[in-house]
Amino acid sequence: MAAVHSPAFRFGSVTLTSRQELSFRRGNVKASSFSCSSSVSIPRLSFQSKALGGDGLPETKDSSLVVCFGEMLIDFVPTFSGLSLADAPAFKKAPGGAPANVAVGIARLGGSSAFIGKVGEDEFGYMLAEILKENNVNSEEMRFDPGARTALAFVTLRSDGEREFMFYRNPSADMLFQEAELDLDLIRKAKIFHYGSISLITEPCKSAHIAAAKAAKDAGVVLSYDPNLRLPLWPSAESAREGILSIWDTADIIKVSEEEISFLTKGEDPYDDAVVRKLCHPNHKLLLVTEGPEGCRYYTKEFNGRVKGLKVDAVDTTGAGDAFVAGILSQLAKDFSLLQNEDRLREALMFANACGALTVKGRGAIPALPTREAVHSAILHSVG
């Protein structure tokens, strides 16, 4: 177990406590088939996969590698919940960024992962690169920008563990990733290519994102998409909706939250299956809707249902969705055919729910991500 320390420093009027320490460990509802509706207008980017089998599943790859593309940053999390940023007496420094969280989550669960992204050529950037290395994530394709800083996010924790964000990234290094910096060979070797929507907000990162996804799709790699809506980062709500939906049709696996369904459908009921069906597309193989402590819903072409979550006392929900994604992708990377067996899919989603539940028991995303042993123990305890 490694620990990272830093001296006291100040951002604006917020003083961070000295020698902040972060620890890192190495580490049944039956339903009809999922039909598509055209009542939600989705701008489309057309990618054609060259390596899908006749059953719509990807051809077998020797690798179980999951490559994650996007942002990695520093979250500053208050040491006390229920206070505003101005009133928080101190913050705990925690590495974060949704795609990076997923990469570390998969590695900590014993899977194989790589991260592609850009940080600043600064102390935080080097710290983040070291954290990936310590957690057995392939970080060879992490880039360092000498002209931009590593992104920062200050997180407000409400008394129930839910959070709000204030970002420092205008521009941050992750926004400046260029298409020419992509290692397409690494992407083509992956079993799954995972990404969010934040990398679509500005150029040149947007073009790099689209090129990477196209290369992956052309090589028969499964595309996994978690929109991870962060509205303050987009120019407007409408631009966020259009940007998120612009790559919707290209994904094989999509994970969305209840709030994101409401946002994308302009206020419709996220618990209504008919509303969820409006967001399906013919190419999708699995659509997941996370419901926090209540668990998740799943939709494939053959079946859909709900898997209950594990109830825990939430301290900080940052990274819970990423832990869930890491949980399910770690299972799919080993055997994508579990999508054809509802019982096996439900078991995999129970595992993913437990990953999310354990993560909310700690502060910060990456420090709280669980090991496979911890997840199995939690499930056994829950069943018992």
Q: Taking all non-hydrogen atoms of both residues into account, name the closest pair between Gly319 and Asn101 and its distance.
A: CA-ND2, 4.4 Å

Q. What is the minimum heavy-atom distance between Leu186 and Val67, and which atoms define it?
A. O-CG2, 4.0 Å

Q: Find the distance between CG (Leu223) and NE2 (His194) and round it off to the nearest 0.5 Å.
A: 11.5 Å

Q) How close do Pro78 and Val155 get, heavy atom to heavy atom, and via which atoms? A) CD-O, 2.6 Å

Q: Any chance you could lay out the salt bridge (charged side-chain N to carboxylate O under 4.0 Å, His left out) test for Asp185 and Lys189, step after step, and finish with the verdict?
A: CA-CA 6 Å; Asp185 288 338; Lys189 291 175 184 175; over 6 Å; no

Q) Among Val119, Leu152, Leu73, which one satisfies side-chain contact (heavy atoms from CB on, under 4.5 Å) with Phe124? A) Leu152

Q. Any donor-acceptor pair under 3.5 Å linking the side chain of Thr318 with the backbone of Ala365?
A. no

Q: For salt bridge (charged side-chain N to carboxylate O under 4.0 Å, His left out), just list the numbers for Asp174 and Lys118, CA-CA rounded to whole Å, side-chain angles, deciding distance to a tenth of an Å, and then say yes or no.
A: CA-CA 5 Å; Asp174 61 287; Lys118 182 179 277 192; over 6 Å; no

Q: Answer yes when Lys285 and Asp252 have at least one side-chain N-carboxylate O distance shorter than 4.0 Å, and no when they do not.
A: yes

Q) Is there a donor-acceptor contact under 3.5 Å from the side chain of Thr150 to the main chain of Gly125? A) yes

Q: Report the C-alpha distance between Arg143 and Glu141 in whole Å, list the side-chain angles of each, state the deciding distance to 0.1 Å, and finish with yes or no for salt bridge (charged side-chain N to carboxylate O under 4.0 Å, His left out).
A: CA-CA 6 Å; Arg143 310 303 184 190; Glu141 300 310 317; 2.6 Å; yes

Q) Within a strict 4.5 Å, meaning less than it, do heavy atoms of the Leu288 and Leu349 side chains meet? A) yes

Q: Measure the spacing between SG of Cys355 and CG of Leu310 and express it to the nearest 0.5 Å.
A: 10.0 Å

Q) Cluster question for you: counting only ILVMFWY and a side-chain heavy-atom cut-off of under 4.5 Å, with indirect links fine, are Val312 and Phe324 together? A) no

Q: Flag yes if Ile328 and Val307 sit in one hydrophobic cluster, no otherwise; membership is Ile, Leu, Val, Met, Phe, Trp, Tyr, and two members link when side-chain heavy atoms are under 4.5 Å apart.
A: yes

**Q.** Contact summary for Cys68 and Pro99, nearest pair of heavy atoms
**A.** CB-O, 3.3 Å

Q.
Determine whether a donor-acceptor pair (N or O, by modelled atom type, separation under 3.5 Å) exists between the side chain of His284 and the backbone of His281.
A. yes

Q. Hey, any chance Leu339 and Val66 share a hydrophobic cluster, counting ILVMFWY side chains that come within less than 4.5 Å of each other, even indirectly?
A. yes

(Q) Counting neighbours of CG on Asp313 that are heavy atoms of other residues, nucleotides or ligands and sit closer than 6.0 Å, is the number greater than 12? (A) no

(Q) Checking ring pair (Phe, Tyr, Trp, His ring centres under 6.0 Å) between Tyr195 and each of Phe69, Phe115, Tyr225, which is the one that passes? (A) Tyr225

Q) More than 12 foreign heavy atoms under 6.0 Å from CD of Glu203: is that the case here? A) yes

Q) Do Ser197 and Trp234 have side chains that get closer than 4.5 Å, going by heavy atoms? A) yes

Q: Under the side-chain hydrogen bond (donor to acceptor under 3.5 Å, both in side chains) rule, what do Glu259 and Ser257 come out as? Steps first, then yes or no, please.
A: CA-CA 5 Å; Glu259 295 84 359; Ser257 67; 3.2 Å; yes

Q) Would Phe91 and Phe154 count as a close aromatic pair, with their ring centres under 6.0 Å? A) yes

Q: Using the side chain to side chain contact (heavy atoms under 4.5 Å, CB included) rule, take Leu233 and Phe165 through it: C-alpha gap first, then chi angles, then the decisive distance, then the call.
A: CA-CA 10 Å; Leu233 297 179; Phe165 295 86; over 6 Å; no

Q: Please report the closest heavy-atom contact between Met142 and Ala129, naming both atoms and the distance.
A: SD-CB, 3.5 Å

(Q) Using a strict threshold of under 4.0 Å (side-chain N to carboxylate O), is an ion pair present between Glu268 and Lys278? (A) yes

Q. Does a donor on one side chain and an acceptor on the other come within less than 3.5 Å for Arg346 and Tyr298?
A. yes

Q. Is there a salt bridge (charged side-chain N to carboxylate O under 4.0 Å, His left out) between Glu291 and Arg297 once you walk through the steps?
A. CA-CA 8 Å; Glu291 300 179 343; Arg297 281 174 283 158; 2.5 Å; yes

Q: Check the pair Asp273 / Tyr299 against side chain to side chain contact (heavy atoms under 4.5 Å, CB included), numbers first and verdict last.
A: CA-CA 9 Å; Asp273 280 350; Tyr299 300 83; 2.5 Å; yes

Q. Within a strict 4.5 Å, meaning less than it, do heavy atoms of the Ile254 and Leu286 side chains meet?
A. no

Q) What is the minimum heavy-atom distance between Pro270 and Glu258, and which atoms define it? A) CB-O, 3.4 Å

Q) Given the rule in the side chain to side chain contact (heavy atoms under 4.5 Å, CB included) test, do Asp87 and Phe80 qualify, once you have shown the distances and angles that lead to the verdict? A) CA-CA 10 Å; Asp87 292 333; Phe80 292 91; over 6 Å; no

Q: Verify, without hydrogens or angle tests, whether Arg372 (side chain) and Arg108 (backbone) share a donor-acceptor contact under 3.5 angstrom.
A: no

**Q.** Separation between CD of Glu179 and OG of Ser207, rounded to the nearest 0.5 Å
**A.** 6.5 Å

Q | Carboxylate-amine/guanidinium proximity below 4.0 Å for Arg344 and Asp335 | A | yes

Q. Can the positive tip of Arg241 be found less than 6.0 Å from the middle of the six-membered ring of Phe263, inside 45° of the ring normal?
A. yes

